[in-house]
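All remarks here apply to the structure that follows.
Numbering starts at 1 and runs along the sequence shown. Keep in mind that the numbers below use all heavy atoms, side chains included, and drop hydrogens, waters and symmetry copies.
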Amino acid sequence: MVRERWSDLLSMLYWGFVLKRILYWIKARGIRVPDGTFITSRVIFGIMTRVTVYSTQNCPYCRMAKAFLQKYGVPFESIDVGTDVNAARKMIEISGQRGVPVIVVDDEVIVGFDAPRLNELFGESVVDDVHDVLIVGAGPAGLTAGVYCARKMLKTIIISENIGGQALESWAIENYMGYRVVTGEDLMKKFEEQVRNLNIRLELDRVTAITKEENLFVVKTISGAEMRAKALILTQGNRPRKLGVANEEQFLGRGLSICSTCDGPLYKGKKVAVVGGGNSALQTAIEMSDLASSVDLIVRSTIRADPVYVRKLEEKTNVTVHLNSHVTALEGEKFLSAVTIQDGSGAEQKLALDGVFIEIGWLPNTDMVTDLVKLNEKKEIIIDINGKTSAPGIFAAGDVTNVKSKQIVIASGDGAKAALEAYWYLISEWKE
């Protein structure tokens with residue numbers, strides 16, 4: 001026993017010396033480690049690794065990538081490719097992508113905000129612990145639910161691939177109380193700030209499976225983490241609907257984009273198209289008309305947007321609207337260079353373009369819960385007026401549910417209701 005204690009002590013002294021030398025090496029090179037950072041092997045790896053983040057100013061996923069690196073004390077160089085044409089050219093050459101963020105870790109190129117890969121490189125293992133409530137998703141519904149759970153003193157964890165959800169991609173929100181107009185990113189920053197001031201764990205990860213073991217829900221993520229909770233609140237929102245044409249996957253990030261807020265600045269002075277006829281499509285066309293040389297708005301039937309967006313669109317002189325039309329083909333070599341559209345009569349037209357932004361709606365992220373709760377014909381989670389699903393202990397809110405109106409203010413309110421119902425479930429129904 002004495003010999004083992006001496007061995008442990010010598011080991012501690014040795015590694016203490018090693019850490020001291022590493023910190024000396026760090027300081028000697030002028031590298032700043034954020035205050036309060038606990039020096040772990042992964043942090044040391046991050047500090048000794050060259051990390052570059054190519055981003056644009058208003059890209060919410062770029063901001064989250066940087067926030068992730070800052071959280072784990074990883075120094076990085078940030079390059080704004082929305083304002084630096086040469087840097088944009090270099091990013092495209094390195095990654096083969098015309099979309100942000102692009103993160104270069106030494107010789108590895110990571111395209112997009114790949115939370116699982118960043119977790120693998122720089123994150124820390126999640127301790128297997130039992131939580132009162134586990135919230136899937138960190139959009140308006142999930143973040144609001146988190147605040148209400150914290151107010152009820154519930155041990156809460158939020159797991160999400162991003163913070164802000166679909167709301168992040170809104171250029172301008174004009175119908176959220178308290179703001180005359182606010183960007184989706186700025187509004188979600190306010191939500192996030194409030195959550196981070198409370199006793200809530202927020203993990204950037206992707207949920208891959210949810211099962212029930214006795215009286216606990218078991219949640220597994222793509223990074224290999226496994227967490228347990230007494231109750232679940234599902235707020236994982238939707239994913240963008242795709243065009244459904246040949247070569248679509250080939251051109252994603254190479255002229256085909258699902259986030260105009262992120263990639264729009266890379267198309268200054270270029271010819272672009274927007275596919276869709278709802279509020280998001282018109283909003284994107286309006287904003288891109290100030291950046292691009294021309295915008296083609298391709299609408300499958302008729303425009304279904306609010307009058308305020310229709311009026312703004314009519315004021316634009318460089319936007320051409322193609323009604324009763326849809327995309328039938330994508331063309332190009334390495335990058336997209338043209339699309340073919342077909343109108344209601346069957347006549348086809350080829351449009352030479354540099355980029356296309358897809359805004360044709362969303363599909364609910366419910367693949368992981370098909371065996372847990374009842375879904376409707378649209379694969380949305382069926383809830384009652386209080387956010388209860390068909391399964392005891394599982395609640396849901398936001399765009400992933402069968403609530404008809406998909407609005408930020410409605411999702412927020414439903415997130416609050418789901419949290420309160422989860423609280424009542426825990427104090428009245430859940431058994432050890």
In Å and rounded to the nearest 0.5 Å, what is the CD1 to CZ distance from I135 to R201?
13.5 Å
Which is it for Y425 and K230 under the side-chain contact (heavy atoms from CB on, under 4.5 Å) test, yes or no, and what are the steps along the way?
CA-CA 10 Å; Y425 166 79; K230 301 172 186 176; 5.6 Å; no
Looking at I427, I'd like to know if its CD1 atom is crowded, meaning that more than 12 non-hydrogen atoms belonging to other residues, nucleotides or ligands lie closer than 6.0 Å.
yes
Applying side chain to side chain contact (heavy atoms under 4.5 Å, CB included) between L232 and each of T389, L134, V373, report the one that passes.
L134
Counting only heavy atoms not in K155, do more than 12 fall under 6.0 Å of its NZ?
yes
Report the C-alpha separation of E203 and T221 in whole Å, then their side-chain angles, then the decisive distance to 0.1 Å, and conclude whether the side-chain contact (heavy atoms from CB on, under 4.5 Å) test is met.
CA-CA 10 Å; E203 295 291 334; T221 70; over 6 Å; no
What are the two closest heavy atoms between S160 and A138, and how far apart are they?
OG-N, 3.2 Å
Between G164 and P140 the two heavy atoms that sit nearest each other are O-CD, 3.7 Å
Going by heavy atoms in the side chains, are W362 and P240 under 4.5 Å from each other?
yes
In the structure I gave you, are the side-chain heavy atoms of V245 and T328 within less than 4.5 Å of one another anywhere?
no
Can you confirm whether E287 sits close enough to F357 that some side-chain heavy atom of one is under 4.5 Å from a side-chain heavy atom of the other?
no
Within the side chain of T208, is there an N or O that forms a donor-acceptor pair under 3.5 Å with the backbone of K220?
yes
Quick one: CD1 on I103 to CG on L118, what's the gap to the nearest 0.5 Å?
4.5 Å
Tell me whether the count of non-hydrogen atoms from other residues, nucleotides or ligands lying under 6.0 Å of CD in E429 goes above 12.
yes
Show your working on side-chain contact (heavy atoms from CB on, under 4.5 Å) between V369 and V136 and close with a plain yes or no.
CA-CA 11 Å; V369 296; V136 183; over 6 Å; no
Report the C-alpha distance between L187 and S170 in whole Å, list the side-chain angles of each, state the deciding distance to 0.1 Å, and finish with yes or no for side-chain contact (heavy atoms from CB on, under 4.5 Å).
CA-CA 10 Å; L187 182 59; S170 295; over 6 Å; no
Can you find a pair of side-chain heavy atoms, one from N58 and one from T183, that are under 4.5 Å apart?
no
Assess, by modelled atom type and distance only, whether the side chains of N279 and Q283 contain a donor and an acceptor separated by less than 3.5 Å.
no
Within-4.5 Å side-chain heavy-atom neighbours: F395 and K388:
yes
Look at the side chain of T235 and the backbone N and O of A397, then say whether any donor-acceptor pair between them is shorter than 3.5 Å.
no
Are Q97 and R254 side-chain neighbours, meaning at least one heavy-atom pair lies under 4.5 Å?
yes
Which distance, rounded to the nearest 0.5 Å, do you find between the CE of M153 and the CG of N199?
7.5 Å
How long is the straight-line distance from CZ of F113 back to SG of C62, given to the nearest 0.5 Å?
10.5 Å
Minimum side-chain heavy-atom gap E185-T261 below 4.5 Å
no
K406, NZ atom: more than 12 neighbouring heavy atoms under 6.0 Å:
yes
Out of N175, I173, D399, which residue meets the side chain to side chain contact (heavy atoms under 4.5 Å, CB included) rule with Q407?
N175
In terms of heavy-atom contacts, does NZ of K379 have more than 12 from other residues, nucleotides or ligands at under 6.0 Å?
no
More than 12 heavy atoms of other groups within 6.0 Å of Q250 CD:
yes
Pairwise distance CG(D132) to OH(Y423) - rounded to 0.5 angstrom:
11.0 Å
Counting N and O atoms only, with roles assigned by atom type, does the side chain of T156 sit under 3.5 Å from a partner on the main chain of G146, one being a donor and the other an acceptor?
no
Distance from C259 atom SG to E359 atom CD, nearest 0.5 Å?
8.5 Å
Give a yes or no answer on whether the side chain of Q166 reaches the backbone of N238 with a donor-acceptor pair at less than 3.5 Å.
no
L204 backbone acceptor or donor facing N119 side chain under 3.5 Å:
yes
Would one find more than 12 heavy atoms of other residues, nucleotides or ligands at under 6.0 Å from atom OH of Y309?
yes
Nearest atoms (heavy-atom pairs only) where T366 meets Q236:
CA-NE2, 4.5 Å
Worked verdict on E120 versus R117 for salt bridge (Lys or Arg N to Asp or Glu O under 4.0 Å):
CA-CA 5 Å; E120 188 178 345; R117 180 55 182 153; 3.2 Å; yes
Using a 6.0 Å cut-off, check whether atom CD of E331 has over 12 heavy atoms from anything other than its own residue.
yes
Verdict with supporting geometry, E161 and R239, salt bridge (Lys or Arg N to Asp or Glu O under 4.0 Å):
CA-CA 12 Å; E161 288 187 70; R239 63 185 183 275; over 6 Å; no
Should D205 and I222 count as side-chain neighbours, where that means a heavy-atom distance under 4.5 Å?
yes
